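Report on the structure given below.
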Amino acid sequence: VQLVSDVQLFSHLANIGDTRSLIIHPSSTTHSQLSDVQKTAAGAAPDTVRLSVGIEDAEDIIADLDQALAKLPD
């Protein structure tokens, strides 16, 4: 997923309880063993990205997401 690749501040990890901001694409990682129907039912549709916001400066987090989202095709 392009958004996951384009963020710079977020770590691409599935850790829980971390103080860093994390980003993951559940459909291709934690839920990859499920069928597409099962993924969608579990809330891990192909276009779903999971964010866990850490303790970094809020403006830095928002700026990072803004720059990555701006790179997505319309």
Side-chain angles (χ1 to χ4, degrees):
V1 170
Q2 184 177 340
L3 179 65
V4 174
S5 299
D6 287 342
V7 289
Q8 298 170 0
L9 179 72
F10 285 77
S11 297
H12 185 200
L13 301 168
N15 293 357
I16 296 175
D18 205 320
T19 59
R20 298 173 291 171
S21 291
L22 309 173
I23 188 168
I24 194 167
H25 180 244
S27 184
S28 65
T29 56
T30 57
H31 291 68
S32 63
Q33 74 282 2
L34 302 177
S35 71
D36 289 343
V37 171
Q38 291 171 319
K39 288 176 187 178
T40 300
D47 60 350
T48 299
V49 175
R50 187 181 125 219
L51 299 176
S52 177
V53 177
I55 62 171
E56 300 89 354
D57 184 80
E59 290 180 13
D60 292 341
I61 293 169
I62 293 167
D64 189 28
L65 288 171
D66 280 345
Q67 66 82 24
L69 288 167
K71 293 178 182 178
L72 294 176
D74 292 333

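Just so we're clear, the structure is a prediction, and the values are computed from it rather than from any experiment.
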Return the minimal non-hydrogen interatomic distance between [X] and [Y], and the atom names on each side.
{"X": "Gln2", "Y": "Pro73", "answer": "OE1-CD, 3.8 Å"}
{"X": "Leu22", "Y": "Phe10", "answer": "O-CD2, 3.4 Å"}
{"X": "His31", "Y": "Lys39", "answer": "O-CE, 3.3 Å"}

Query - Over 12 non-hydrogen atoms of neighbours within 6.0 angstrom of CD1 in Ile55 - result: no
Requested in this report: Assess whether atom CD of Glu59 is packed by more than 12 heavy atoms of other residues, nucleotides or ligands within 6.0 Å.
Outcome: no
Requested in this report: Find out whether Leu13 and Ile24 are in side-chain contact, i.e. whether some heavy atom of one side chain is under 4.5 Å from a heavy atom of the other.
Outcome: no
Query - Inter- and intrachain pairs under salt bridge (charged side-chain N to carboxylate O under 4.0 Å, His left out), touching residues 4-19, at least two apart - result: Asp18-Arg20
Report task. With Ser21 as reference, evaluate Asp60, Leu65, Val53 under the side-chain contact (heavy atoms from CB on, under 4.5 Å) test and give the passing residue. Result -> Val53
Query raised in the report: Out of curiosity, Leu34 CG to Ser27 OG, how far, rounded to the nearest 0.5 Å?
Result: 8.5 Å
Query - Those residues that, when tested against Val49, pass side chain to side chain contact (heavy atoms under 4.5 Å, CB included) (two or more places apart) - result: Val1, Leu3, Val4, Ile23, Leu51
**Report entry** Residues which pass side chain to side chain contact (heavy atoms under 4.5 Å, CB included) with Asp66, listed by chain and number, not counting sequence neighbours
**Finding:** Ile62
State which residues pass side chain to side chain donor-acceptor pair (under 3.5 Å) with [X]; sequence neighbours excluded, sorted by chain then number.
{"X": "Gln67", "value": "Asp64, Lys71"}
{"X": "Ser52", "value": "none"}
{"X": "Ser28", "value": "His25"}

Report task. Indicate yes or no for a side-chain donor-acceptor contact from Thr40 to the backbone of Val37 under 3.5 Å, with no hydrogens or angles considered. Result -> no
Report task. Please assess Ser35 against Gln38 for the test side chain to side chain donor-acceptor pair (under 3.5 Å), listing each intermediate value before the final yes or no. Result -> CA-CA 5 Å; Ser35 71; Gln38 291 171 319; 3.3 Å; yes
